[in-house]
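Structure first, commentary second.
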Amino acid sequence: MPPEFFLDRNLGRRVAEGLRACGWTVHRIGDVFPDDGQDVPDEEWITHGQLRSAEMVERLAARRDAIHRAVEKGGPAAYAVRHDRVERTWP
């Protein structure tokens, strides 16, 4: 079974919709936590640059296999998806 992904509000609705259109199973923070997850500590989230939604979808889709391998290692964990790699940033 392919992994499911949980996106914080920094990635926005369009990124979630774009990834879903690519066949990903994506859950937005607002779908799970009230008030768009405002009560979730910042330490649990990774900030991402201000890429346009289409660029974010393209980057995530291009790194899909590396993201899946990272998820298989277990968690909880946070990762940054760079233009050339997937990098674990927490813990």
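Remember, predicted model here, so these are calculated numbers, not experimental data.
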Applying side chain to side chain contact (heavy atoms under 4.5 Å, CB included) to Trp24 and Ile67, what does each step give before you reach the verdict? CA-CA 12 Å; Trp24 292 44; Ile67 292 168; 3.8 Å; yes

Between Tyr79 and Val71, does the side chain to side chain contact (heavy atoms under 4.5 Å, CB included) criterion hold? Intermediate values first, please. CA-CA 9 Å; Tyr79 292 87; Val71 170; 5.8 Å; no

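- The two atoms that bring Phe6 and Arg28 nearest to each other are CE1-O, 4.2 Å, heavy atoms only.
- For the atom pair CD of Glu17 and CZ of Arg20, the computed distance is 7.0 Å after rounding to the nearest 0.5 Å.
- Here Val57 pairs with Val15, Leu19, Cys22 under the side chain to side chain contact (heavy atoms under 4.5 Å, CB included) rule; sequence neighbours left out.
- Among residues two or more places apart in sequence or in another chain, the side chain to side chain contact (heavy atoms under 4.5 Å, CB included) test is passed with Pro91 by Ala77, Arg88.
- With a 6.0 Å radius and a threshold of 12 heavy atoms from other residues, nucleotides or ligands, His83 has its NE2 atom at or below the threshold.
- When all heavy atoms are compared, the tightest approach of His68 to Phe5 is CD2-CZ, 3.7 Å.
- A donor-acceptor pair under 3.5 Å is absent between the side-chain atoms of Arg14 and the main chain of Ala54, judged by distance alone.
- Between Asp84 and Arg63, the shortest heavy-atom contact is CA-NH2, 3.5 Å.
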